[in-house]
Structure formats: C-alpha cells, structure tokens
Enquirer: 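Before anything else, here's the structure in question.
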Amino acid sequence: MNARTLDSSHLTGGQKLAIKYFTVAVILFTAQILFGLISGYQYLAPEFGYNVLDFNVTRMVHINALVLWLLYGFIGGIYWLVEEESGTELVGLRLANFAFWLLTLAVTVVVLVFLFIQTGPGDMSTLWLINEGREYIEAPRWADFGIVVCMLIFFWNIAATFMKGKWSGISGVLVLDLVALAGVYLAGMVYTPNISVDQYWWWWVIHLWVEATWEVLVACIMAWGLIKTLGARRKIVTTWLYIEVAMMFGSGILGLGHHYFWIGTPEYWLSIGGFFSALEPVPLVAMVVHAVYDSGVHKFKNSNHPALAWLIAHAFGNFFGAGVWGFMHTLPQINLYTHGTQWSASHGHLAFFGAYATINIAIFYMALQKWRGNVYMSAGLEGNGWKWKWALGLLNGGVVGMTIALLISGYDQAFIERALGGATWAAYFDAQNGVWFIQGLWWRQLFGFMTAAGLIILIWDLLTIGRNEKRSIQLVGDNTAAEVTS
Amino acid sequence: MFEPVEIDDLMIAVIAGALVVLFGALYAFSFAMAKLNKERWITVVACCIFAAFSASVFVLARALHLDGYWQSITVAMLLGYLIAPQAIWKLSVGTHESSD
C-alpha cells in the first residue's frame with residue numbers, strides 16, 4: 001500500500017509557516033500537561049522537587065506554556081487561512097519567518113531561565129531579565145518587548161496581505177482584532193509600585209487580551225472553519241460573526257468588573273461587574289438557538305470528522321466552562337468566598353480547554369488534511385477513526401474530571417477557609433488539610449493522567465491520520481461549488 | 001453595598017447559579033426545537049423550562065440577597081434569557097432567507 005506522505009510542496013508560504021507554529025504549539029501543549037502533572041503532584045507530596053523545581057516554578061511553566069501554545073495555535077491558524085481568504089500571497093513572508101524564530105528563541109530562553117535561574121535579587125534587574133512577577137504573564141520585560149514586536153509584525157503581515165488581496169467580513173474583524181492583540185498587551189508592561197493600580201492594568205491583559213481579543217480571533221477561525229468543514233455559506237457566517245462579536249463585547253468588556261471586586265478599586269465596580277457578569281452567559285445561551293436552527297436545516301454533512309467533532313467540543317466546552325462554571329461564582333455575594341480558591345482553577349481548566357484548546361486542535365486536523373494532499377477525513381476512516389475518537393474522549397473526559405475534582409476542593413476551601421474561618425491564616429491550613437480538599441486533588445491528579453493519555457493518542461493520530469488513505473477529500477456545501485467553478 | 005451569602009445558603013446559591021445557565025440553555029434549546037418542528041407540546045415544555053429557570057433565578061436572588069439595586073440583575077437575567085433566544089431565532093430566519 002502506498003502511504004500518503006506529508007507533502008509541503010502544495011502548501012502556500014503562509015501555510016508552511018503555520019505548520020511551524022502548529023509544531024511548536026504541540027510541543028508547548030505537551031510541556032503544559034507535563035508541568036501540570038508535576039505541580040498537581042506537588043499538592044499531594046509537597047516535598048517533591050523541593051528546592052530544585054519548586055511549585056511556584058512548575059505552576060508558572062504550566063500556565064505560561066498554556067498561554068503560549070494557544071497563542072502559537074491562533075497565529076498558525078491565521079497564517080493558514082490568510083492567503084486563501086485574501087486570494088493573494090502572504091506579504092512579508094521572510095519577516096514573518098524571522099518573527100517566528102525570534103518568538104521561539106525568546107520563549108526557549110525564557111523557559112530555560114524559569115527552570116534554571118528561577119529567582120534573582122529584589123530589584124529591577126530581576127524584572128527585566130528573570131521574571132516580571134505578574135501571574136500568567138511572568139515573562140521578563142525584555143521578552144514582553146519581543147512579544148509586542150512579533151505581534152506587530154504579525155499584524156502587518158495580515159493587514160498588508162488583505163490590503164493587497166481582497167477584503168472580506170472575516171478579514172475586517174480579524175485585522176481590527178489584531179490591533180487590540182498588540183495594543184492591549186502593553187497594559188501589562190507598565191510598572192507601578194501601587195498593587196491596586198498594577199492589578200487594575202494587569203487584568204486588562206488577562207481579561208481583555210485573553211478573554212476578549214482571543215475570543216474574537218477564535219470566532220474568526222471558527223467562521224472560516226465552518227465554511228471549510230460544513231460548507232456553510234459565507235454571507236451567513238459573516239453576519240453571525242458580527243452578531244457574536246457585538247454580543248461578546250456588549251457584556252464582556254464591562255464583565256471585566258468581576259476581577260475588580262477585591263483589588264482595592266472603587267465600590268462601583270461591584271455593581272458594574274455584577275450586572276455585566278450576569279449577562280455574560282446570555283450570548284452563549286442564545287447561540288444554542290442558532291446551533292439548533294443550523295443543524296435542523298443543514299444537518300451535519302462535513303469534510304473533516306475530527307475537526308468538526310472538536311468544533312462541537314468547543315461549543316459545549318465554552319458554554320459549560322465559561323457559562324455555567326463562570327456564572328456559579330461570579331456575583332460578589334458569593335465570589336467573596338470563592339475568589340482565588342480551587343474553584344477559580346476549576347473554572348479556568350474547563351473554560352480555557354473548552355474555549356481555546358479545542359479550536360486549536362480542530363485547526364490542526366484541518367491543516368493536516370491539506371498537508372497530506374487533501375486526504376479523505378469524513379466517515380469510515382481507517383480503524384473507524386479510533387485514535388481521534390479516543391483522544392477526543394480522553395482529553396475531554398480528563399479535563400471535565402479535573403474540573404469537577406477541583407470544584408469539590410474549591411467548595412471545601414470556600415466553606416472552611418473563607419465562610420467559616422473568615423480567611424485567616426489558620427483557616428487556610430484547616431481547609432488545606434480538609435479530607436474533601438485532599439481527595440479532590442487526588443482525583444484531579446488521576447484525571448490529569450487521563451488527559452495526558454489523551455494527548456499522547458492525539459499526537460499519535462496527528463502524525464498518522466490519513467497516511468494509508470487512498471480517497472480524496474469529500475467536499476460539501478458551498479465548497480463543492482467553489483471547487484467546480486475554480 | 002451588598003450582603004454576602006449566608007453560610008447555610010452557600011450550596012443553594014451555587015446550585016441555583018448553575019441551574020440558571022443550564023435552564024436558560026434548555027429553554028433556548030426547547031424554544032428552537034418548538035419553532036423548528038412546529039409542535040405545540042414542545043412549546044409547552046419550553047414554557048415549563050422557563051418557569052423552572054425563573055424559579056432558579058428567584059432562589060439565587062434570595063440566597064444572594066439581591067435586594068435594592070441588585071434586583072435589576074434579577075430582572076435583566078429574566079428578560080435577557082427570555083428575549084435573546086427569540087431575537088436569535090428571528091435573526092437566523094432573516095439571515096438564511098436573505099442569502100437564499
């Protein structure tokens with residue numbers, strides 16, 4: 001049997017670059033899971049890695065690897081679609097390649113410094129060279145500048161390509177969002193000794209950068225993905241992209257207020273944050289109506305089963321992770337007890353996985369389909385597609401299991417440490433030694449291994465899917481017409 | 001400015017908060033299914049689910065002491081979840097019709 005090889009010769013320059021981004025994304029995804037397992041185990045055995053690889057380091061690598069692999073996936077996704085969407089070659093391909101290597105080199109150096117240098121003197125040199133100290137975005141200041149430069153190059157590549165080629169609804173939203181992607185990150189680079197002011201701007205990066213500009217990026221990739229996998233009509237997808245972005249910004253921008261409850265900001269943020277946070281799930285719930293309408297009218301005939309399955313996982317994960325798990329503890333009357341407990345970690349695990357990891361994996365499968373020469377990926381894959389199905393099941397089951405386990409631990413913390421104990425130092429240790437708290441963390445570790453098993457199978461599948469397939473892609477919907485006329 | 005949830009109501013508030021979003025989604029789902037299939041009994045189911053949703057909002061509002069200004073959140077939730085699915089359905093029909 002002749003095996004289909006991964007053939008880059010029929011990929012565009014932007015798509016070859018996207019493959020590089022996807023490769024680093026998968027490596028960082030692996031690092032995220034590995035360091036997640038280590039830091040999870042350090043909850044159970046605090047002496048593990050003590051003074052060599054402490055919890056603060058493993059947790060930091062776990063979270064920063066998450067942020068970076070998602071960012072790499074999104075950037076790769078945009079480079080993958082930009083030439084098809086604009087109908088022209090990528091402008092500034094060499095500069096784009098330079099930015100990729102610059103960013104990857106910076107990431108490598110930062111991770112090595114995190115792992116081997118770890119700490120420095122309590123002055124500005126540490127902030128510039130070792131660790132900026134802001135949770136989730138600990139990269140030192142020099143790397144911050146590198147990230148902004150790379151985002152600006154990325155913006156220029158994409159905007160100039162659309163200016164040279166043709167604009168579309170998707171590209172318009174995308175380019176405006178890339179301005180915010182480079183701009184909002186700057187808010188996290190301002191140094192101030194006032195912790196309230198520092199946290200105020202820091203949340204702009206965490207909430208507005210990660211939760212707003214990323215959501216819009218994902219919406220653009222999703223819109224393009226639906227056109228490609230389901231053959232959805234561009235006009236409908238574009239209209240819905242506008243509606244979704246408007247709804248998301250309507251509730252999401254001031255929903256930022258739920259992060260301002262306890263950091264020393266004025267009291268009016270309690271009202272603003274409470275009101276808009278209560279409205280944040282409404283767009284997610286409303287989208288259920290559109291999903292029912294579309295599936296009822298158009299069924300689910302598609303050209304790429306694994307990608308569509310991950311797009312569906314995205315819809316459910318986003319709804320439960322961001323919607324249900326977010327709203328449960330978002331109003332200040334209850335957030336007073338839950339803020340910063342494992343409850344937040346529970347919400348974070350499901351929301352990040354559901355909203356972002358799923359969409360990246362979907363685009364990996366779409367890229368692989370073309371990279372293997374537009375190979376068949378619909379129903380009846382080799383081995384009944386067991387690898388992608390097991391990867392999907394284990395990864396989703398693992399993350400959902402971790403989410404529920406952390407929720408139990410978080411509830412124990414909120415109840416014993418905060419509500420009963422009044423958030424004292426002694427109450428903190430009472431909660432940490434609580435039976436339910438510890439059992440929850442053991443279950444989290446178990447489901448962490450399940451997630452890791454899912455990742456191993458996912459990588460195996462990404463490396464092998466379609467290798468022995470002789471059939472070609474099954475085009476559906478508007479893509480069939482496009483193929484006939486081109 | 002606000003009164004935190006009572007310790008005894010902590011679990012109730014958590015469950016009610018989750019049920020608000022879940023019933024909200026179930027209402028949206030059943031509402032859309034009723035429109036799609038034009039079946040009267042599904043409409044009745046949708047109305048029952050909205051009643052369950054309203055009850056969850058009421059329980060949440062009581063547990064979290066949503067009094068005074070905070071009652072506007074209760075009203076916004078009830079109206080938002082009621083109107084948004086209907087608006088999205090109209091938009092779905094409108095966008096698909098205009099592209100045909």
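Here is the naming used below: chain letters follow the sequence lines, and residue numbers restart at 1 for every chain.
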Enquirer: For chain B, find its close neighbours in residues 341-353 of chain A: heavy-atom separation under 4.5 Å, sorted by number, or none.
Expert: A:Trp343
Enquirer: Can you tell me how far apart CE (B:Met11) and CZ (A:Phe415) are? Round to the nearest 0.5 Å.
Expert: 8.5 Å
Enquirer: Could you tell me which portion of A:Trp325 (side chain, backbone, both or neither) has an atom closer than 4.5 angstrom to a non-hydrogen atom of chain B?
Expert: neither
Enquirer: One pair to check against side-chain contact (heavy atoms from CB on, under 4.5 Å): A:Phe327 and B:Met77. What are the steps and the verdict?
Expert: CA-CA 12 Å; A:Phe327 186 66; B:Met77 277 194 286; 3.4 Å; yes
Enquirer: Is it the side chain or the backbone of A:Ile243 that comes within 4.5 Å of chain B heavy atoms, both, or neither?
Expert: side chain
Enquirer: Can you name the residues of residues 23-33 of chain B that have some heavy atom under 4.5 Å away from a heavy atom in chain A?
Expert: B:Gly24, B:Ala25, B:Ala28, B:Phe29, B:Ala32, B:Met33
Enquirer: Given that the side chain runs from C-beta out, which part of B:Leu19 has a heavy atom under 4.5 Å from chain A: side chain, backbone, both or neither?
Expert: neither
Enquirer: Among A:Ile334, A:Thr330, A:Leu336, A:Leu331, who wins on heavy-atom pairs under 4.5 Å with chain B?
Expert: A:Ile334
Enquirer: Can you name the nearest heavy-atom pair linking A:Ala419 to B:Ile7, along with the distance?
Expert: O-CD1, 3.4 Å
Enquirer: Heavy-atom cut-off 4.5 Å, strictly under: side chain, backbone, both or neither for A:Ser271 against chain B?
Expert: both
Enquirer: What part of A:Tyr337 gets closer than 4.5 Å to chain B, counting heavy atoms only: side chain, backbone, both or neither?
Expert: side chain
Enquirer: Does atom CZ of A:Phe429 have more than 12 heavy-atom neighbours from other groups under 6.0 Å away?
Expert: yes
Enquirer: Chain A: which of B:Pro85, B:Gly80, B:Ala16 shares the most heavy-atom pairs with it under 4.5 Å?
Expert: B:Pro85
Enquirer: Can you tell which of B:Ile73, B:Ile88, B:Ile15 has the highest number of heavy-atom pairs within less than 4.5 Å of chain A?
Expert: B:Ile88
Enquirer: Determine the option with the most heavy-atom pairs under 4.5 angstrom with chain B, choosing from A:His329, A:Met328, A:Gln333.
Expert: A:Gln333
Enquirer: Tell me, out of B:Pro4, B:Ala63, B:Ala13, who's got the most heavy-atom pairs with chain A below 4.5 Å.
Expert: B:Pro4
Enquirer: Closest heavy-atom contact between A:Gly274 and B:Trp70?
Expert: CA-CZ3, 4.0 Å
Enquirer: So what's closer than 4.5 Å to chain A heavy atoms on B:Gln86: side chain, backbone, both or neither?
Expert: neither
Enquirer: Just give me the residue among A:Val282, A:Leu270, A:Val289, A:Thr338 that pairs up with chain B most often, heavy atom to heavy atom, under 4.5 Å.
Expert: A:Val289
Enquirer: Nearest 0.5 Å please: distance from the CZ atom of A:Phe320 over to the CG atom of B:Leu22.
Expert: 5.5 Å
